[in-house]
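Please read all numbers here as calculations on a predicted model, not as lab measurements. FYI, side chains are in, hydrogens and waters are out, and symmetry mates aren't considered; it's all heavy atoms of this structure.
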Amino acid sequence: MAGKKRPPTALAELDPAASDSSQDEGAKPAKPAKPFPAEEMPAKKKKKLAMELRKQRKQVDKDRHRHSADKPKPPHPAEEPAAAAAVPVPAPAPVPVAVAGPGLHMNVFRDLASPEGSVREAAAEALVAELRDVQSAYEESKRDEDDEAAESDAPPQMEAEKEDGLDNCAPAVRYAIRRLIRGISSSREFARQGFALGLAAVLESVQAISVEAVIKLIPNLLEYSASMKGPEAKDNLLGRLFGFGSLARSGRVSGQWAQDKSSPILKDFVSEVVQLGSKKRYLTEPAAALILDLARKLPDEAIFSEVLESPGVQDWFNRAANVGDPDALFLALKLQERTNVQREMFGKLLPYPFSPDNFFTQEHLLSVAACFKESAFCLPRIHSIWHVITDMLIQDEASQNDNNASSGKKHKKSKKNSSSEDSKKNLRNFCEVIIESSLLLSSHDRKHLAFNIVIDLLPRLSPSSIQVILSSKVVLGLMDILSNSSSWLYNAGQHFLKELVSIVSNDNDRCVAVIINLQKYSCGRFDSLTKTKTVKGLIAKFHNGQDCLYLVQNLMALFVDEGSVTDEPSDQSQTTDENSEVGLIEDKELIGEGNADLLKSWVVNTIPFVLKNLRLKPDEHSDSEMVKCIEEKFQVQTEILKFFAVQGLFSASLGNEVTSFELQEKFKWPKAAISTSLRNECIEKLQSLLEDAQKDEALDVGGDIKSNDLGFYFMRFINTVCNIPSVSLFRTLSSNDDNAFKKTLATESALFQEERKAESGLDSTKMHVIRYLLIQLLLQLLLHPEEYWEAAIDVIICCKKTFPSIAQCDSSSLPKPLEDSVEDSDEDGSEEPNEDASLEFMDVLVQTFLSLLPHVSGPVCFTIEQVFRVFSDEITETGLLDMLRVVKIDMKGSRRQTDSDDDEDDPRVGIEDDDDDDDDEMEDADVGNVDDATDELDEEMDDDSADEVDQDQDCSEKTVDNKAKDGDDTEAAKGGEDSDDSDGMDDDAMFRIDPYIARIFKERNNLPGSETQQSQLMRFKLRVLTLLEIYLQRNPGKNLVLEVYAFLMQAFVKAHSSDGSEQFRQRIGGILQKRIFKAKECPKGSDVELSRLEILLQKALHLASRSRHKAVASAAQNATFWILKIINSKSCSKQELASVVEKFHYMLTDYFNNKKSRLQIWFVKEVVRRNPWLGRELFGFALQKVGSAKAEYRRVQTLELVDCILKSWVGDDVSSASKVLKKNLALLCELMQEILTKMPENKSRRQEVRRFCTRALQTVTKLNLKEKFQKKLSSEAYSLCEAQLGAAFVPFKE
């Protein structure tokens, strides 16, 4: 505690009392202890006693000072020792002793440092109330006894004797002022804030306190010198700052000048504050804020005469522009805003005369650029100068908008444009000079500051102004940072993007502006270069029809208006400097024509993505809402369609703008010619747009065809634009293409008219899908010259044959030479016109599809699928086999030459025998010299070479089948040796099958390597599989399904035997499983030949028992179940089914005798379970062959099969089962004797043998064949059964 130091005699006076007290307290034992002398007391106890005495003395001093302040007359000096001796020493207490009259409580100072703001405010109010009462009492007593107080020699009172200029204040007030000043230099908790609040409140309430004295007292008590370092210097400087702040907040400085305008108080105060701000960099900004706080309470006269003319302020302003002082600029701008008077008093900081337009000129901004650059010292906090600048920019724009609103109607438009341009000019100058040239080209901190300023401006700017501030250098600088995750500013860049997305997410106009600028200055590669999904995420936020339309229109404008891209600075190095961690992005090219194409390509690919956001969800919308959604989507679709059509299909011969009076629209092209690749992209997106529209038609809930038929709208638009004189197609069509183009237009128009006349039904649907196919072919003509005119003509011919009513309409709309050229094109498009002339229209359509599928895009394939779906019921066997042949084609080329091509004329030759016949011949020893590379299926079936007799028999059966089918022994033999598979054909033979498939083989010889052709062929196969799946889905019960199964099964086996595509294998397997084996219907009727089924069954059984591939074996097993299901539906006689049973005999014989057999016995058991009649036929054969099984494991497995057959008889026809068992009782007895004689060593197998014998005895008993069984049972077998079976054989004992 501050005050005069007490004389040492006070301690000496209290020591005896303390000694006596301690001596009395220690005299408790029987023998009193001798008191210790002072010098003999322990050191620790002596030290503790001294501390207690010191505390007691302090408390006595406090009480004495309170009494002296409260009483009118101070006590006589002679009475002070006696009073001190009389007053007992109180125990230390946290709260001072309450006294009568006004006084100062010490606890208020403690509460001023509380973390709670409410506690600090209450403490300040209490302090003010106490000091006000104390000062009032002091002034009253001073007036009454002024003479006596002057003559008396009063004791020292709380440092009142110091000359601090507070002569008119009570001692408690003087003490409180000094303590508050010291308290604001404390860094403990919230002491600085609380004591500053208390000081301001005391100065404002107690008018007796001299302001000049406080101004001098603050630096005196809070000393600072250049030698001071560390926390002490910082605390004292901050204490001064808070002290001067309390003076300004109290209002005493401005109030005193208002009373006496000649007082130098303002100049002194401002000089002290400026001097304080010059000591440390971090004090300059709060010093300026302090001067502004004071200026708010002053009139303009005082600001000019006292503040601005202060020597310290003028010197500060004069040197600020050169050294770069943002605080001086901040102060100058705020004072100019406060006074709003044109005076040249701010040096170079502000222009004269001052206005926002003059301030934001490039010349002035360059002069003060250093001030803005130096404002980065306070990061991550943004300096106050930036808030002033942003407010000026925003207020400038807002004020100009207000002026526009209040201007007269006559000049409203011109003024609005002028003010808007001025506002954008100021913002543009600011961005170019300060953001781009000063901050982005400087250090990391200044780059970080630049992005913070942009983020601070974005929420307050209009969408058009956002395009100004997100300039090319800002975007490129951001890309430079985000392209490298190790960049020092990488986290700052990510934060900028996050804030940017958050700002514009709920404002579509701002969102569009950000999307456009990010992509415009990154050439459409912002997401890819920054490795983010910013642009994609922003685009995905557009779900409403009008919002999507607005975004699409802006993207279209970006595509056409390329000047804004090419006019931007192209040097990426402007966004980096020698201090940058991250250099140039390697793959960033200079902005030019190449990058303009990249940007246009991004626009072309993004527009359809916007349309996908408008998804129609019938489950979530009512019918009325669906109608509205469909109308909005159709509006967006038409805008996109017109854009793609104009940019992709047409070009203007005069200028780059054309107006259509019929459509009442203006079409615009980029100034530079669009590249061919971009036009092709537009056409491809146009095709995709038509595909999506065709998919959405299933969701249409009403309206006539014309209103929502995008295909009709497109064709009408094409016709209209073609009639504009200054517009033409972007390329000159050849005679064939031009002929097909005009013919397609006319046919589509005729089909549309017929579609409107026809009632809704199959015919109307056929016309509709054919129309879309013609539209797609029309685009293909423009996309690929001289490649698709034949296909277009073929489709037109099919349309005329299918709908004869359109032929007359089409012919009447075209001249005769056009018809002749069409006929000539038909003849030229066929390699074998004589053969094609006999084809059905559906065969021609299928061949046309096969010619298109290898090369066309996905949208055209989708349209082909839709046409095939409605015409699939009319497909012929020839057309179906043409498609199936494609699935088996391979690019490996010919491995052997055929002597005759007649087999290829009949596609059915070798369907059943091509692969497996060769395999079986390979298995035969007599045909061992055949080429090992005949077919991949050989590897599946060439394992068995032991049973030559069975193989020869099988081959002879297949030869007979081929003879019966072809009627020629020689060709049948060839059919057995050479498969119909493409691998067995030379190129010429394949060309005769299909000239379009031959194109793939021809290209193989022209291009290096075969990978490209192989992938093209695989895509072709997958597309044909889609058509086959459609056929199977719509025709599950037709006999041609067997043909489809035979081809698909062969292709499936081959794909597993060779290095085929996994996708291809899975696709075929899925079709076999879903569309054939598990179909609700299967081929039935007398048209299904049993011999055909037997051959397919034999192949399936062979694959099920020999395939190394689990997927092939599984498919073969399911095929067996399916074929047997078809056989059962025919109600064949027993004699007819004998050959079927024989196939199973062969399979089981191979299982018993050949270790290479992979037959799973559960498969045969499942066959027996599903076909009990087959179990009865196999029962005797199994009993006869099971004993001959070479492997013990297979013998036991066969017992399970026999047991399964016996089990199936329990609920079967007893009479038929009894006959079968009675017929085979002798074999059963012999089998039981044999297996019981050769009991397996394995325990589980012995149990299986006993289980079989027990099951056999139970079945014999149920079928009442016990006596006959006993007769057939030999004595040896009887003994074995009795010994091995135990209780199960008891009923059979004699």
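- Panel note: side chain His364, backbone Leu349; a donor-acceptor pair is recorded below 3.5 Å.
- In this structure, the side chain of Arg240 does not engage the main chain of Asn236 through any donor-acceptor pair within 3.5 Å.
- The two atoms that bring Gly194 and Arg120 nearest to each other are CA-CD, 3.7 Å, heavy atoms only.
- Distance alone, capped at 3.5 Å, places no donor-acceptor pair between the Asp456 side chain and the Asn452 backbone.
- Under a 4.0 Å N-O distance rule, the pair Arg319/Asp325 does not qualify as a salt bridge.
- Annotation for Gln207: atom CD counts as buried by contact number, over 12 foreign heavy atoms lying within 6.0 Å.
- A donor-acceptor pair under 3.5 Å is formed between the side chain of His383 and the backbone N or O of Ile385.
- Taken from CG in Leu333 to SG in Cys371, the straight-line distance is 9.5 Å, to the nearest 0.5 Å.
- Separating the CZ atom in Phe195 from the CD1 atom in Ile184 is a distance of 10.0 Å, to the nearest 0.5 Å.
- Ser186 places no side-chain N or O within donor-acceptor distance of the main-chain N or O of Ala191, the cut-off being under 3.5 Å.
- Paired with Phe244 under the rule side-chain contact (heavy atoms from CB on, under 4.5 Å), one option of Leu294, Ile291, Leu276 passes, and it is Leu276.
- Salt-bridge annotation for Asp235 and Arg182: absent, with no side-chain N of the basic residue lying under 4.0 Å from a carboxylate O of the acidic one.
- Here the side chain of Ser141 pairs a donor or acceptor atom with the backbone of Ala137 at under 3.5 angstrom.
- Panel note: side chain Ser375, backbone Phe372; a donor-acceptor pair is recorded below 3.5 Å.
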List the steps, then state whether salt bridge (charged side-chain N to carboxylate O under 4.0 Å, His left out) holds for Glu285 with Arg381.
-> CA-CA 12 Å; Glu285 184 179 5; Arg381 183 181 62 84; 2.7 Å; yes

Please test Trp316 against Leu331 for side chain to side chain contact (heavy atoms under 4.5 Å, CB included), starting from the C-alpha separation and ending with a verdict.
-> CA-CA 10 Å; Trp316 190 13; Leu331 180 61; 3.6 Å; yes

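- No donor-acceptor contact under 3.5 angstrom links the side chains of Ser271 and Asp268, judged on distance only.
- At least one donor-acceptor pair closer than 3.5 Å links the side chain of Arg252 to the backbone N or O of Leu203.
- Dense packing is recorded around CD of Glu189, with more than 12 heavy atoms of other residues, nucleotides or ligands lying under 6.0 Å away.
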Audit row: Ser355, Asn358, side chain to side chain donor-acceptor pair (under 3.5 Å) steps and yes/no | CA-CA 5 Å; Ser355 69; Asn358 292 337; 3.0 Å; yes

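- Distance CG/Leu308 to OG1/Thr339: 7.0 Å, rounded to 0.5 Å.
- For the residue pair Ser210 and Glu212, a side-chain donor N or O sits within less than 3.5 Å of a side-chain acceptor on the partner.
- By the 6.0 Å contact criterion, NZ on Lys279 is enclosed, its count of non-hydrogen atoms from other residues, nucleotides or ligands being greater than 12.
- Within 6.0 Å of NZ on Lys297 lie more than 12 heavy atoms contributed by other residues, nucleotides or ligands.
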Would you sort out whether Leu180 and Leu127 count as a side chain to side chain contact (heavy atoms under 4.5 Å, CB included), showing the intermediate values?
-> CA-CA 11 Å; Leu180 289 172; Leu127 178 63; 3.9 Å; yes

Phe346 and Leu329: side chain to side chain contact (heavy atoms under 4.5 Å, CB included), yes or no, with the steps?
-> CA-CA 9 Å; Phe346 301 99; Leu329 179 59; over 6 Å; no

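- In this structure, Asp315 CG and Phe317 CZ are separated by 11.0 Å, a value rounded to the nearest 0.5 Å.
- Here the CD1-CD1 distance, from Ile177 to Ile218, works out to 9.5 Å after rounding to the nearest 0.5 Å.
- Rounding to the nearest 0.5 Å gives a distance of 11.5 Å between CD1 of Ile209 and CZ of Arg174.
- When atom types are taken as modelled, the side chain of Glu130 and the backbone of Ala172 share no donor-acceptor pair closer than 3.5 angstrom.
- Under the 4.0 Å criterion applied to side-chain N and carboxylate O atoms, Asp293 and Arg249 are assigned as salt-bridge partners.
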